[in-house]
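Accompanying notes for the structure given below.
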Amino acid sequence: MVTPKSSIKTLKLNTGALIPQVGLGTWRSSEEEGYNAVLAALKDGYRHIDTARCYGNEEPVGRAINDFMKQSGVQRSDLFVTTKLWCTEFKDPKAALERSLKRLHLDYVDLLLMHWPLAMKSGEGLFPRNADGSRKLLPFEEWSYIDTYKAMQPLIDLNLAKAIGISNYNIPKIQALLADKGVTVKPACLQVELHPYLPQQELVDFCKAHDIVVEAYSPLGSSGAPLLKEKVINEIGEKYGVSAATVIISWAVARGTVVLPKSINPVRVSSNRKIIPLSEADMDAINGIQKTTSRRFVCPDWGIDIFNSDGHFKPMN
Ligand SMILES: NC(=O)C1=CN([C@@H]2O[C@H](COP(=O)(O)OP(=O)(O)OC[C@H]3O[C@@H](n4cnc5c(N)ncnc54)[C@H](OP(=O)(O)O)[C@@H]3O)[C@@H](O)[C@H]2O)C=CC1
Ligand SMILES: O=C1Nc2ccccc2C1=O
């Protein structure tokens, strides 16, 4: 039996700021669920919250953050709040972030991520579709994700975002971004799907070499947490007397990534921030899972290539 540690470690961003390695995910948390989960998480000791424009919960998330600060006396500077620029808001990231900040009741975010490396037609809601059901994407030649990133850069000097970053990029897209002469601010973070079925080690190593912190989304396999049924994970959990979720989250922390488990259950929220040390043999066993099972759970029909050679997609069955 190992007692999991509850002090959350931090990583240093290339801006010099510290980011807590475990943060609370909030996708698919309704208004009430989002408010309660964020408040419970902060009271429990979380200092890092991940939301996004397209989750539709910035307002309750921000309300919980503000209520917590009032109740606890914890300062804004002790918290790390991320939101994401949605694909329809690519043309004017400043106006989009100001709207997010208004909903969050905050003066700034610690991290603004470009949610996906693509632009969608504006003015027809968050998820516009063509008559045939396909997504209304703008062709790369008309507006590229690099243009969006460049328009995000001034938000730092305006003190609206302490750092900017990217999400759902693969290695070629990061290389293209870094090679662009107009890109003067290196992304601080890359947020991608990462878990034992999709460890994307090549991408993690690439980012480490470029001083970009990697954040693991859907660490438990997203809705229904399918990774928690994995035999190897459960065997390690039984050995130490901890849950399968603790094993996966501890693995993500041990490999040097940020990890963003989502839960709306206060007991699971609390246990998800507790980490145990894993042996080299445990790490090898978890790293080996993808040799037999390789899966990507978040695969929207955007029609763009976000995959890496080791981040391939096998349909869920
Ligand atoms: N940048 C991007 O494009 C994306 C970013 N994200 C971010 O990453 C976060 C996490 O990813 P997400 O896809 O939500 O999925 P997760 O992998 O975090 O899994 C969430 C699921 O696991 C369950 N769960 C959580 N903890 C436990 C536990 N200890 N035991 C059993 N079940 C548990 C939750 O249920 P319950 O709530 O009932 O506990 C929920 O069903 C998101 O919320 C979002 O913030 C996610 C997808 C894409
Ligand atoms: O955060 C996200 N979760 C998602 C799930 C499906 C499609 C897109 C997204 C996101 O952008």
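When reading the values below, keep in mind they use all heavy atoms of this one structure, side chains included, and skip hydrogens, waters and symmetry mates. Starting from 1, each residue takes its place in the sequence as its number. All ligand and atom numbering here is 1-based and tracks the order in the structure.
At a threshold of 4.0 Å, the pair Arg99-Glu89 counts as salt-bridged, since one of the basic side-chain nitrogens sits closer than that to a carboxylate oxygen. A salt bridge does not link Asp110 to Arg47: none of the charged nitrogens lies less than 4.0 Å from a carboxylate oxygen. Between Glu235 and Lys239 there is no salt bridge, since no side-chain N of the basic residue sits under 4.0 Å from a carboxylate O of the acidic one.
No more than 12 heavy atoms of other residues, nucleotides or ligands lie within 6.0 Å of CD in Glu32, so this atom counts as exposed by the packing criterion.
For the residue pair Lys262 and Tyr217, no side-chain donor N or O sits within less than 3.5 Å of a side-chain acceptor on the partner. Side-chain N/O atoms of Asn287 and Gln201 include no donor and acceptor closer than 3.5 Å.
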Once you restrict both partners to nitrogen or oxygen, which atoms of ligand 1 have a protein partner under 3.5 Å, and how far apart are they?
| from | atom 1 | to | atom 2 | distance (Å) |
| --- | --- | --- | --- | --- |
| ligand 1 | 1 (N) | Ser167 | OG | 2.9 |
| ligand 1 | 1 (N) | Gln191 | OE1 | 2.9 |
| ligand 1 | 3 (O) | His115 | NE2 | 3.2 |
| ligand 1 | 3 (O) | Asn168 | ND2 | 2.9 |
| ligand 1 | 6 (N) | Tyr55 | OH | 3.4 |
| ligand 1 | 11 (O) | Ser218 | N | 3.0 |
| ligand 1 | 13 (O) | Ser218 | OG | 2.8 |
| ligand 1 | 13 (O) | Ser222 | OG | 2.6 |
| ligand 1 | 17 (O) | Pro219 | N | 3.2 |
| ligand 1 | 17 (O) | Leu220 | N | 2.7 |
| ligand 1 | 17 (O) | Gly221 | N | 3.3 |
| ligand 1 | 17 (O) | Ser222 | N | 3.0 |
| ligand 1 | 18 (O) | Lys262 | N | 2.8 |
| ligand 1 | 19 (O) | Ser222 | O | 3.4 |
| ligand 1 | 26 (N) | Asn272 | ND2 | 3.0 |
| ligand 1 | 29 (N) | Asn272 | OD1 | 3.0 |
| ligand 1 | 37 (O) | Lys262 | NZ | 2.9 |
| ligand 1 | 37 (O) | Ile264 | N | 2.9 |
| ligand 1 | 38 (O) | Arg268 | NH2 | 2.9 |
| ligand 1 | 39 (O) | Ser263 | OG | 2.6 |
| ligand 1 | 39 (O) | Arg268 | NE | 2.7 |
| ligand 1 | 39 (O) | Arg268 | NH2 | 3.2 |
| ligand 1 | 41 (O) | Gly224 | N | 3.2 |
| ligand 1 | 43 (O) | Thr26 | N | 3.1 |
| ligand 1 | 43 (O) | Trp27 | N | 2.9 |
| ligand 1 | 45 (O) | Thr26 | N | 3.3 |
| ligand 1 | 45 (O) | Asp50 | OD2 | 2.7 |

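Ring geometry for Phe140 against Tyr145 counts as tilted: the plane angle lies between 30° and 60°, on a 0 to 90° scale.
Between Val22 and Asn272, every side-chain heavy-atom pair lies at or beyond the 4.5 Å cut-off. Counting only heavy atoms from C-beta outward, the side chains of Arg76 and Leu106 approach each other to under 4.5 Å.
Contacts of ligand 2 (protein heavy-atom distance under 4.0 Å) are Trp27, Tyr55, Trp86, His115, Trp116, Val298, Pro300, Trp302.
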